[in-house]
Asks: 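Below is one structure. I have some questions about it.
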Amino acid sequence: QVQLAESGGGVVQAGGSLRLSCAATVRIFSAYTIGWFRQAPGKEREFVAFISGSDGTWYGDPAKGRFTIARDNAKNTAYLQMNRLKPDDTAVYYCAADYASESAIAAEYDYWGQGTQVTVSS
């Protein structure tokens, strides 16, 4: 089993920044792709970014040019640095882990954290 715990959410003004963390309890963290997804009330879960075990990255359209995903395998932690935040970024942000695939599709991920709330005021 893989356990994931997000932290770092909060309330910020538009244009501000937050760094989210995803701490994993897993034997071999580097074997897993870590994805970030977000979900606003009444909306579908949306892909934000992923980083593979070999440090390959991919970003969804909302994240491109503003967010950066990274990982520290020694700490079993992945990060999402979010800059130039907009009110449309308001959502619960989830990290997820998948052993095999590199994917922007939520259903491909087997393990999920509980989420952390990000609220961006206008």
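On a predicted model such as this, the values are computed, not experimentally measured, just so you know.
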Asks: If you take all heavy atoms of Ser30 and Asn73, which pair is closest and at what distance?
Replies: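 Heavy atoms only, the tightest pair is CB-ND2, 3.5 Å.
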Asks: How close do Cys22 and Ile34 get, heavy atom to heavy atom, and via which atoms?
Replies: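 Of all heavy-atom pairs spanning Cys22 and Ile34, the closest is SG-CG2, 4.4 Å.
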Asks: Please tell me if the side chains of Tyr111 and Gln1 come closer than 4.5 Å, counting only heavy atoms from C-beta onward.
Replies: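 They are in contact (side-chain heavy atoms under 4.5 Å apart), so the answer is yes.
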Asks: Going hydrophobic residue to hydrophobic residue with side-chain gaps under 4.5 angstrom, can you get from Ile69 over to Val118?
Replies: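 Yes, it is one cluster - the side chains of Ile69 and Val118 are joined through contacts under 4.5 Å.
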Asks: Output yes when Asp89 and Lys86 qualify as a salt bridge under the 4.0 Å nitrogen-oxygen rule, no when they do not.
Replies: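 No salt bridge links Asp89 with Lys86.
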Asks: Please answer whether the main-chain N or O of Arg66 pairs with a side-chain N or O of Arg84 as donor and acceptor at a distance below 3.5 Å.
Replies: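 Not a single qualifying donor-acceptor pair exists.
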Asks: Give a yes or no on whether the backbone of Glu6 and the side-chain of Tyr94 come within a donor-acceptor separation of less than 3.5 Å.
Replies: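 Judged by distance alone, no pair lies under 3.5 Å.
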Asks: Using the rule given for side-chain contact (heavy atoms from CB on, under 4.5 Å), can you reason through Ser103 versus Phe50, listing the C-alpha separation, both sets of side-chain angles and the distance that settles it, and then say yes or no?
Replies: CA-CA 7 Å; Ser103 179; Phe50 73 70; 5.6 Å; no
Asks: Between Phe67 and Trp36, is there a shared hydrophobic cluster once you connect ILVMFWY residues whose side-chain heavy atoms come closer than 4.5 Å?
Replies: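 Cluster IDs for Phe67 and Trp36 match.
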Asks: Between Arg71 and Ile51, what is the shortest heavy-atom contact and its length?
Replies: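 So the two residues come closest at NH1-O, 3.3 Å.
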Asks: Give the ring-plane orientation class for Phe37 versus Trp112, where under 30° counts as parallel, over 60° as perpendicular and anything between as tilted.
Replies: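 Geometry flag for Trp112 against Phe37: tilted rings.
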Asks: Rounded at 0.5 Å granularity, tell me how far CG in Asp110 sits from OG in Ser101.
Replies: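 So the CG of Asp110 and the OG of Ser101 are separated by 8.0 Å.
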Asks: Can you tell me how far the CG atom of Asp61 sits from the CD atom of Glu46, to the nearest 0.5 Å?
Replies: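 Those atoms lie 8.5 Å apart.
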Asks: Please evaluate residues Thr116 and Ser7 with respect to the criterion side-chain contact (heavy atoms from CB on, under 4.5 Å), reporting the C-alpha separation (whole Å), side-chain torsions for both, the decisive distance (0.1 Å), and the verdict.
Replies: CA-CA 6 Å; Thr116 186; Ser7 61; 5.7 Å; no
Asks: Return yes if some donor-acceptor pair links the side-chain N/O of Arg45 with the main-chain N/O of Ala107 below 3.5 Å, else return no.
Replies: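 Pair absent, no side-chain N/O of Arg45 close to backbone of Ala107.
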Asks: What are the two closest non-hydrogen atoms of Leu80 and Ala49, and how far apart are they?
Replies: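 Heavy atoms of Leu80 and Ala49 come nearest at CD1-CB, 4.4 Å.
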Asks: Decide whether Tyr79 and Val48 are clustered together by the hydrophobic rule: side chain heavy atoms of Ile, Leu, Val, Met, Phe, Trp, Tyr closer than 4.5 Å, transitively.
Replies: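 The answer is no; the residues belong to distinct hydrophobic clusters.
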Asks: If you compare all heavy atoms of Pro87 against all heavy atoms of Ala14, which two are closest, and at what distance to 0.1 Å?
Replies: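 Distance-wise, the nearest heavy atoms are CD-CB, 4.1 Å.
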Asks: Is any side-chain heavy atom of Val2 closer than 4.5 Å to a side-chain heavy atom of Tyr99?
Replies: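 Result no, sub-4.5 Å side-chain heavy-atom pair not found.
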Asks: For Val120, does its backbone N or O pair with a side-chain atom of Thr90 as donor and acceptor, under 3.5 Å?
Replies: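 Answer holds: yes.
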Asks: Among the clusters formed by ILVMFWY side chains lying less than 4.5 Å apart, do Leu4 and Leu18 turn up in the same one?
Replies: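 Same cluster.
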Asks: Nearest heavy-atom pair of Arg38 and Pro62: which atoms, and what distance?
Replies: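 Closest approach of Arg38 to Pro62, heavy atoms only: NH2-CB, 3.2 Å.
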Asks: So, do Thr68 and Tyr59 sit near enough that their side-chain heavy atoms are less than 4.5 Å apart?
Replies: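 Yes - at least one pair of side-chain heavy atoms lies under 4.5 Å apart.
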Asks: Output the distance between atom OG1 (Thr33) and atom CD (Glu102), rounded to the nearest 0.5 Å.
Replies: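 Between Thr33 OG1 and Glu102 CD, I get 4.5 Å after rounding to 0.5 Å.
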Asks: Counting only heavy atoms not in Lys43, do more than 12 fall under 6.0 Å of its NZ?
Replies: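 No, because the 6.0 Å sphere around NZ of Lys43 holds 12 heavy atoms or fewer from other groups.
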Asks: May I ask whether Tyr109 and Tyr32 are part of the same hydrophobic cluster, defined by side-chain heavy atoms of I, L, V, M, F, W, Y residues being less than 4.5 angstrom apart, directly or through others?
Replies: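 Cluster IDs for Tyr109 and Tyr32 differ.
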